[in-house]
Amino acid sequence: MKNWKDIIRHRTFRYMDHSTKSTFHGKAYTAMTSFAVDDALALSVSDEQSPPVVRLWVHDETIVLGIPDGKLPYIEEGVSFLQHSGKNVVIRNSGGLAVALDKGVLNISLILPGVKHISIHDCYEAMVSFVQYMLRDVTDAIEAYEIGDSYCPGDYDLSINGRKFAGISQRRVKDGAAIQIYLDVEGNSRERAQLIQQFYEVGKKDEETAFTYPNVDPNVMGSLSELVGVDLTVEDMKQRVSAALTDFTEEVVSANFSEEELAHYEKRLKQMEKRNEKIQ
């Protein structure tokens, strides 16, 4: 197993704060955009056209579905329910199941090169440790294990005292990986969980399915602010990301998309749009 600091430590990092963007190259900046952007950056990092990247993103009133969610027996009814609840709905291209995003949820993408020689497990561990490091002054109680009745349960759910506030997915493209985490920083975690709970009730009903979908219990979810007893905000967490990053690199740079990255992005966005045709 590689040390997580060795995985994260690079001489230069590219820092991209997309958390307040509303448009990107002439189109609305949606969660679909974000997944295409991460793919483009993973390709660029893989080809050594960009240093490793930390990217921050926020999408209000959005439900991001996993690929298995698209196979729910009543997926059209489930999506219609979410849309009538005022949510944008997107099927992502990375692992996991449905998650709820809004302005109180900060997403962090850690985009790294050379991952053919780094296990998926080690990349997940690196993100877990990075979050623990960012929050080391407010809590030492963050654990990583599956919270089975949460939404999007997985081995790398982050929780405090058994209540989940974050989940991680990973997307590998060539020799680059985008390790993506959502952090439920502030706001009403119960409402988020109840909405996902209702989505599965509508989308699955009582049908038997080959895939096991979660029975979401809102009581096992919580916001980070609630769980640590400190009024953390998305802005606070953005500052923590930036501060932590400087401890693992000599240089932090900012750069707009290159022409090549834009070409990758346009191609990946078309793939995302194709993936989402059935729910639009």
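Each residue takes its place number in the sequence, starting with 1. Since the structure is predicted, the reported quantities are computational estimates derived from the model, not experimental observations.
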If you draw a 6.0 Å radius around [atom1] in [X], do more than 12 non-hydrogen atoms from other residues or ligands fall strictly inside?
X      : atom1 : value
Asn215 : CG    : no
Lys71  : NZ    : no
Asp137 : CG    : yes
Glu48  : CD    : no

Closest contact, heavy atoms only, [X] versus [Y]:
X      : Y      : answer
Leu41  : Arg55  : CD1-CD, 3.9 Å
Gly78  : Phe199 : O-CD1, 3.5 Å
Gly176 : Ser46  : N-CB, 3.6 Å
Asp157 : Pro153 : OD2-CA, 3.5 Å
Met237 : Met134 : CE-CE, 4.0 Å
Leu82  : Ile63  : CD1-CG2, 3.8 Å

Determine whether [X] and [Y] make a side-chain contact, defined as any pair of heavy atoms from C-beta on separated by less than 4.5 Å.
X      : Y      : answer
Leu65  : Val79  : yes
Val58  : Thr20  : no
Met16  : Phe257 : yes
Leu110 : Ile8   : yes
Ser189 : Glu226 : yes
Phe13  : Pro52  : yes

Test side-chain hydrogen bond (donor to acceptor under 3.5 Å, both in side chains) applied to Ser80 and Glu77, Gln83, His84, the passing residue: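 Result for side-chain hydrogen bond (donor to acceptor under 3.5 Å, both in side chains) with Ser80: His84.
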Checking side-chain hydrogen bond (donor to acceptor under 3.5 Å, both in side chains) against Ser34, which of His59, Lys21, Gln180 comes through?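 Among His59, Lys21, Gln180, the one that satisfies the side-chain hydrogen bond (donor to acceptor under 3.5 Å, both in side chains) with Ser34 is His59.
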Is Glu235 paired with Lys238 through a side-chain N to carboxylate O contact shorter than 4.0 Å?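 So Lys238 pairs with Glu235 through a salt bridge.
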Ionic contact status for Arg163 with Asp184, cut-off 4.0 Å: no
Check the pair Phe81 / Val89 against side-chain contact (heavy atoms from CB on, under 4.5 Å), numbers first and verdict last. CA-CA 10 Å; Phe81 162 75; Val89 185; over 6 Å; no
Passes side-chain contact (heavy atoms from CB on, under 4.5 Å), Trp57 versus Asp38? Steps please. CA-CA 11 Å; Trp57 41 292; Asp38 275 2; 4.2 Å; yes
Going hydrophobic residue to hydrophobic residue with side-chain gaps under 4.5 angstrom, can you get from [X] over to [Y]?
X      : Y      : answer
Val216 : Tyr182 : yes
Val241 : Phe165 : yes
Leu183 : Leu227 : yes
Val234 : Met127 : yes
Val220 : Ile160 : no

Nearest 0.5 Å please: distance from the [atom1] atom of [X] over to the [atom2] atom of [Y].
X      : Y      : atom1 : atom2 : result
Met32  : Lys27  : CE    : NZ    : 10.0 Å
Leu112 : Ile179 : CG    : CD1   : 4.5 Å
Cys152 : Ile147 : SG    : CD1   : 12.5 Å
Thr33  : Leu269 : OG1   : CG    : 6.0 Å
Ile168 : Asp155 : CD1   : CG    : 10.5 Å
Met272 : Asp39  : CE    : CG    : 8.0 Å

For Tyr74, which fellow cluster members are found when Ile, Leu, Val, Met, Phe, Trp and Tyr are connected by side-chain heavy-atom distances below 4.5 angstrom, either directly or through intermediates?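 Result for Tyr74 is none, singleton.
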Going by the side chain to side chain contact (heavy atoms under 4.5 Å, CB included) test, name the single residue among Asp69, Leu72, Ile75 that passes it with Lys204. Leu72
Could you go step by step and tell me if Leu135 and Ile142 meet the side-chain contact (heavy atoms from CB on, under 4.5 Å) rule? CA-CA 9 Å; Leu135 293 162; Ile142 296 172; 3.7 Å; yes
Check the angle between the aromatic planes of Phe24 and Tyr29 and answer parallel, tilted or perpendicular using the 30° and 60° thresholds.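 Phe24 vs Tyr29 ring planes: perpendicular.
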Would you call the rings of Tyr265 and His25 parallel, tilted or perpendicular, where under 30° means parallel and over 60° means perpendicular? tilted
Without swapping roles, check the side chain of [X] against the backbone of [Y] for a donor-acceptor pair under 3.5 Å.
X      : Y      : result
His121 : Ile118 : no
Gln170 : Ile120 : yes
Glu125 : Trp4   : no
Ser85  : Lys87  : no
Asp60  : Lys103 : yes
Glu260 : Ser44  : no
Arg14  : Ala255 : yes
Arg171 : Asn93  : yes
Ser129 : Ala126 : no
Thr249 : Arg11  : yes

Ring pair (Phe, Tyr, Trp, His ring centres under 6.0 Å) between Phe248 and Tyr133, intermediate numbers included: CA-CA 11 Å; Phe248 297 98; Tyr133 183 84; 5.1 Å; yes
Are a donor atom and an acceptor atom from the side chains of Glu251 and Thr12 found within less than 3.5 Å of each other?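 Thr12 and Glu251 do have a side-chain donor-acceptor pair below 3.5 Å.
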Set of residues satisfying salt bridge (Lys or Arg N to Asp or Glu O under 4.0 Å) with respect to Glu143, sequence neighbours excluded: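 Scan of Glu143 (salt bridge (Lys or Arg N to Asp or Glu O under 4.0 Å), adjacent residues dropped) gives none.
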Could you walk me through whether Lys270 and Glu273 satisfy the salt bridge (Lys or Arg N to Asp or Glu O under 4.0 Å) test, starting with their C-alpha distance in whole Å, then the side-chain angles of each, then the deciding distance to 0.1 Å, before giving a yes or no? CA-CA 5 Å; Lys270 284 186 173 63; Glu273 289 170 345; over 6 Å; no
Val45 and Val53: CA distance, side-chain angles, deciding distance, side-chain contact (heavy atoms from CB on, under 4.5 Å) verdict: CA-CA 8 Å; Val45 166; Val53 182; 4.0 Å; yes
